[in-house]
S.K.: 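First, the structure itself, so that you have it in front of you.
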Number of protein chains: 2
Amino acid sequence: MAVATAVVFVVDDDPSVRKSLTRVIAAAGYAVETFVSAREFQERAPVTGPCCLVLDVRMPGVTGMDLQKTLAQAVHQIPVVFITGHGDVAMSVAAMKAGAVDFLTKPFASRDLLGAIQRAVERDTRNLGTEARTEEIQARVKTLTPRERQVFTLVVAGMLNKQIAAELGVVEKTVKVHRARVMDKMRAGSVAELVRLAADVGVIVTRA
Amino acid sequence: MAVATAVVFVVDDDPSVRKSLTRVIAAAGYAVETFVSAREFQERAPVTGPCCLVLDVRMPGVTGMDLQKTLAQAVHQIPVVFITGHGDVAMSVAAMKAGAVDFLTKPFASRDLLGAIQRAVERDTRNLGTEARTEEIQARVKTLTPRERQVFTLVVAGMLNKQIAAELGVVEKTVKVHRARVMDKMRAGSVAELVRLAADVGVIVTRA
DNA sequence: GGCGCTATTGGACCTTGGGGGCACTCGGGC
DNA sequence: GCCCGAGTGCCCCCAAGGTCCAATAGCGCC
């Protein structure tokens, strides 16, 4: 079930909990890294592969919920599975609204924890895929000159070269030159492909 | 704050709760309809405008959670706000995982309830918008003949007429005829627009 | 069986639109 | 002075779109 290379980060101030969690999670085939505090986790080198976070809600200093909020600001949203000894409904609802994958109350079955971790890792794997694609496309957009970016937008809007030319106050030939460069730099083989690339980085379409 | 035409459905078996909820919600400017059971709610005529559901978790017969699961099967997902007297963490987490907007434990502040309702109605309004658009596009797709649908897919994939012709084993002229009909029936003024329409109804792109 | 309609196909011909090549200009910035 | 972004003109080819026309097959209706 477990994705071979996935890493599970465990943050809990209780050494015995860390130990038992590590045993259970590692037995399911995940790599495990433990941290005694939210701060320690944040000082870790940034993640590269698919991962998820198993987080105790109550901890001295920065709490699990605090860490969740902080991570939500980051570019890459690491899926969080909460575990807690004394959780209340309000807390669990707040965590779930903030995007937590699950919220488990001790004592919980290993099966439930591993199920939550699996869902979390799957979510992260999906996110990594779409993020990688989006970043790749945005990198291409960055190579466009300002003028090329304008032409890009208008082509994606479905306008003809002559319409774009009128819009920008240049002749059609000039538009063609920019357009060709856009197709080249964006590595799009067709207008259809270009439109999809634009959609993935959220280019605003003014009029269809 | 309240959207003028939004309807809030209240399902609770306790008459006094229904009464007090109605008073609070109506005072915020919403239209309110109450039901004594999940069954009664389901027998109601289908909703038309933006709405949301305020649901008691525990009720004799079909519970709030049961109703949520049933509604999740439907085409239009009505946002649910749960309220309960004796909720536990497991229950609230299950409800949130199933897509509930909020999960409030009695006693709760009117402000919290109205906040949840507002978020729920906003979500429903958005959903209605995208659903309406998707249905409209799908209706257009339905008017396409089988052959036109094939051409539609291949055009959206970015293929040239001659490539499409080879793929379908016909001459280019035939493809042009179908293609023109597709643009007409889908009411697309450009390939760019056609690609966006296809994306919204989830047309699978084979190779870019 | 014949008639009409639709889907699909196809040919000939013409116009418009998109894509490239090549040469040249012009203004900024280093 | 050189490089780059931007703009342009000319020429040519190919792709897309549209017109007029025509043929074939399947299906429902009288």
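Per chain, numbering begins at 1; letters A, B, ... match sequence-line order.
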S.K.: A/Arg179 CZ to C/dG19 C1': how many Å, rounded?
M.R.: 9 Å
S.K.: Below 4.0 angstrom from OP1 or OP2 of D/dG5, is there any side-chain N or O of A/His178?
M.R.: no
S.K.: How many Å lie between CE on A/Met159 and P on C/dT16, as a whole number?
M.R.: 20 Å
S.K.: In terms of the nearest nucleotide of DNA chain C, which residue is placed more toward the 5' end: B/Thr174 or B/Thr143?
M.R.: B/Thr143
S.K.: Give A/Val177 one of three labels, base, sugar-phosphate or nothing, depending on what nucleic acid heavy atoms sit under 4.0 Å from its own.
M.R.: base
S.K.: What is the distance, to the nearest angstrom, from the NZ atom on A/Lys176 to the C1' atom on D/dC12?
M.R.: 11 Å
S.K.: Quick one: is A/Asn161 getting a side-chain N or O under 4.0 Å of the C/dG18 phosphate, OP1 or OP2?
M.R.: yes
S.K.: Checking A/Lys185 side chain against A/Leu144 main chain: does a donor-acceptor pair fall under 3.5 Å?
M.R.: no
S.K.: Once you round it to whole Å, what is the distance between P of D/dG26 and CZ of B/Arg147?
M.R.: 15 Å
S.K.: Determine whether a donor-acceptor pair (N or O, by modelled atom type, separation under 3.5 Å) exists between the side chain of B/Glu172 and the backbone of B/Asn161.
M.R.: no
S.K.: Once you round it to whole Å, what is the distance between P of C/dG17 and CD of A/Gln163?
M.R.: 9 Å
S.K.: Looking only at side-chain N and O atoms, does B/Ser92 offer a donor or acceptor that is under 3.5 Å from a partner on A/Ser92?
M.R.: yes
S.K.: Carefully, step by step, assess B/Arg140 and B/Glu136 under the rule salt bridge (charged side-chain N to carboxylate O under 4.0 Å, His left out).
M.R.: CA-CA 7 Å; B/Arg140 292 182 199 172; B/Glu136 161 66 17; 2.9 Å; yes
S.K.: Quickly work out the A/Arg181 CZ to D/dA6 P distance and round it to whole Å.
M.R.: 8 Å
S.K.: Between the side-chain atoms of B/Lys173 and the base atoms of D/dT19, is any donor-acceptor pair under 3.5 Å?
M.R.: yes
S.K.: If you assign each of B/Lys185 and A/Val191 to its closest nucleotide in DNA chain C, which residue comes earlier from the 5' end?
M.R.: B/Lys185
S.K.: Is the CZ atom of A/Arg181 crowded by more than 12 outside heavy atoms at less than 6.0 Å?
M.R.: no
S.K.: Could you give the CG-to-C1' distance, from B/Leu160 to C/dG18, as a whole number of Å?
M.R.: 11 Å
S.K.: B/Ile164 has an atom CD1; how far is it from atom P of C/dT8, in whole Å?
M.R.: 15 Å
